[in-house]
S.K.: 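What follows is a structure written as structure tokens; I'll ask about it next.
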Amino acid sequence: MTARSDLLRVLEERQYIHQATDRDALDAKAAAGRINGYIGFDCTADSLHVGSLVPIMLLRRLQQAGHKPIVLVGGGTTKIGDPSGKDEARKLLTDADIERNKAGIRKNFLPFLKFGDGPTDAVMVDNADWLDKLQYIPFLREFGTHFSVNRMLSMDSVRLRLEREQPLSFLEFNYMVLQAYDFLELARRNSVSLQMGGSDQWGNIVTGVELARRVDGREVYGLTTPLITTASGAKMGKTASGAVWLSADKLPPYDYWQYWRNTHDADVGRFLRLFTELPLDEIQRLEKLEGQELNDAKVVLANEATRMNHGADAAQAAEQTAKRTFEQGEAGEGLPTFTIERGALSAGIPAFELVFNSGLVASKGEARKLIRGGGVKLNDQVLSDEGRSINAADLNGDGRIKLSLGKKRHALGVPTT
């Protein structure tokens with residue numbers, strides 16, 4: 001059925017929708033007027049990574065369609081820990097950790113959403129504002145009767161953990177109750193009628209929809225996005241060398257650009273739809289390219305994704321650095337750097353340790369294996385001896401050391417002064 005609202009039309013064309021509680025009613029409501037919709041983000045780190053980019057883009061699309069996005073940071077629920085997709089309990093964070101992480105992830109939304117006091121301007125709220133004030137017995141008496149333990153045990157976040165015989169604490173078991181209560185509280189405080197999230201949140205979202213209807217008689221809706229994996233089956237946001245962070249101080253814009261440039265051929269069209277704002281007819285043209293020409297489409301993807309998160313200048317600089325590095329064999333000023341202690345350099349650093357210290361690999365064992373396999377270059381020359389001592393004599397003409405893994409991953413070692 002063709003969508004009546006601009007919101008659902010765009011979300012369906014761009015392949016954002018996996019499930020919706022009442023698609024037609026939601027479509028009609030979005031066509032009739034403004035919707036306030038929210039997505040929750042727990043404060044488990046001081047930056048989000050690209051695994052959170054689909055929900056962020058969902059909020060962006062919501063705003064572009066004339067609706068109001070609400071970013072819920074989980075200052076309260078982070079103290080519990082979401083069991084969804086986890087085999088064990090998340091590490092409990094201190095209040096100071098949560099506040100620091102909250103401040104960090106707030107910055108991740110600024111490039112994507114317009115915040116302010118206008119009717120469609122985004123706002124950010126913290127569920128600690130109400131969850132921290134709940135009194136246990138009154139809360140149980142008022143809302144506990146609306147939750148069936150039988151139903152809760154059937155939810156994927158709980159069922160899968162129990163089937164694998166992994167421990168699930170009572171603390172974590174409460175998470176879906178608190179998330180459902182968040183929806184009710186936001187409906188009351190901010191006139192929210194739509195909760196969105198990843199497909200792993202479907203059970204929690206449906207529980208919140210039902211709670212709001214039972215307690216207040218509110219007509220509210222839920223919508224989820226598909227789990228985004230790469231063509232190789234890997235979950236987005238993680239690479240062999242670590243998370244692909246949205247914050248520039250945790251991952252340089254050049255590395256962010258390279259992540260998108262290295263997209264698998266089969267993912268190019270889908271990622272262009274989800275993570276860029278290029279017209280659909282242009283995306284259809286780009287995804288039909290083959291062979292070497294498909295690399296041009298990957299550069300477009302990298303430029304558009306990097307521009308949106310880090311700005312046009314950063315995207316252009318990353319592309320130019322890549323050209324100088326790959327096509328002209330230069331070091332490239334935009335490459336990620338790491339420091340080398342000058343004293344250690346004078347004494348000599350084993351090659352595998354230097355590669356590990358560069359951040360290009362996750363372990364010293366991986367560094368050894370790559371060097372033995374001829375997969376590492378030192379100043380554009382193959383490094384074959386994992387134990388070779390790297391010293392000041394290995395500094396290139398500009399006083400740095402260039403390390404390369406294959407053709408696409410590089411880092412510059414800069415001696416401390």
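A quick note: this is a predicted structure, and the numbers were derived from the prediction, not measured.
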S.K.: Taking the basic N atoms (NZ, or NE/NH1/NH2) and the acidic carboxylate oxygens, is any pair closer than 4.0 Å for Glu277 and Arg60?
M.R.: yes
S.K.: When you look at CZ of Arg4, are more than 12 heavy atoms from neighbouring residues, nucleotides or ligands closer to it than 6.0 Å?
M.R.: no
S.K.: Can you find a pair of side-chain heavy atoms, one from Leu26 and one from Leu8, that are under 4.5 Å apart?
M.R.: yes
S.K.: Can you establish whether the number of heavy atoms outside Lys68 located under 6.0 Å from its atom NZ is more than 12?
M.R.: yes
S.K.: Taking side chain as C-beta onward, heavy atoms only, is Cys43 less than 4.5 Å from Ile105?
M.R.: yes
S.K.: Any side-chain heavy-atom pair from Val73 and Asn101 closer than 4.5 angstrom?
M.R.: no
S.K.: Taking all non-hydrogen atoms of both residues, which atom of Asp216 and which atom of Arg188 are closest, and how far apart?
M.R.: OD2-NE, 2.8 Å
S.K.: What is the minimum heavy-atom distance between Arg218 and Arg213, and which atoms define it?
M.R.: O-CG, 2.9 Å
S.K.: Listed by chain and number, what are the salt bridge (charged side-chain N to carboxylate O under 4.0 Å, His left out) partners of Arg307, not counting sequence neighbours?
M.R.: Glu304
S.K.: Do the side chains of Lys369 and Glu366 get close enough for a salt bridge, i.e. N-O under 4.0 angstrom?
M.R.: no
S.K.: With the side chain counted from C-beta on, respond yes when Asn309 and Trp257 share a heavy-atom pair under 4.5 Å apart, and no when they do not.
M.R.: no
S.K.: For Lys102 and Glu99, which heavy atoms make the closest approach, and how far apart are they?
M.R.: NZ-OE2, 2.7 Å
S.K.: Kindly write out the residues that satisfy side-chain hydrogen bond (donor to acceptor under 3.5 Å, both in side chains) with Thr94, not counting sequence neighbours, or none if the list is empty.
M.R.: Asp97
S.K.: Are side-chain heavy atoms of Asn295 and Arg261 found at a separation under 4.5 Å?
M.R.: yes
S.K.: Which pair of heavy atoms, one from Leu59 and one from Ile70, lies closest together, and at what distance?
M.R.: CD2-O, 4.2 Å
S.K.: If you take all heavy atoms of Val10 and Arg61, which pair is closest and at what distance?
M.R.: CG1-CD, 4.0 Å
S.K.: What I'd like to find out is whether the side chain of Leu184 reaches to under 4.5 Å of the side chain of Leu186, using heavy atoms alone.
M.R.: no
S.K.: Name every donor-acceptor pair, under 3.5 Å, that has one atom in a side chain of residues 349-359 and the other anywhere in the protein, sequence neighbours excluded.
M.R.:
residue : atom : partner : partner atom : Å
Asn357  : ND2  : Glu353  : O            : 3.2
Ser358  : OG   : Val355  : O            : 2.5
Ser358  : OG   : Leu360  : N            : 3.2

S.K.: Output, in order, the C-alpha distance, side-chain angles, deciding distance and verdict of side chain to side chain contact (heavy atoms under 4.5 Å, CB included) for Asn262 and Lys298.
M.R.: CA-CA 7 Å; Asn262 293 339; Lys298 294 180 183 181; over 6 Å; no
S.K.: Is the shortest side-chain heavy-atom distance between Val123 and Val71 below 4.5 Å?
M.R.: no
S.K.: Please name the pair of heavy atoms, one in Lys114 and one in Asp121, separated by the smallest distance, quoted to 0.1 Å.
M.R.: NZ-OD1, 2.9 Å
S.K.: Using side chain to side chain contact (heavy atoms under 4.5 Å, CB included), reason through Asp132 and Lys79 one step at a time and then give a plain yes or no.
M.R.: CA-CA 10 Å; Asp132 283 359; Lys79 298 172 185 177; 2.9 Å; yes
S.K.: Kindly determine whether Ile228 and Phe271 satisfy side chain to side chain contact (heavy atoms under 4.5 Å, CB included), including the steps that lead there.
M.R.: CA-CA 10 Å; Ile228 305 298; Phe271 286 3; 4.0 Å; yes
S.K.: With under 30° as parallel and over 60° as perpendicular, where do the rings of Trp260 and Tyr256 fit, or are they tilted in between?
M.R.: perpendicular
S.K.: Between Asn127 and Glu185, is there a side-chain heavy-atom distance shorter than 4.5 Å?
M.R.: no
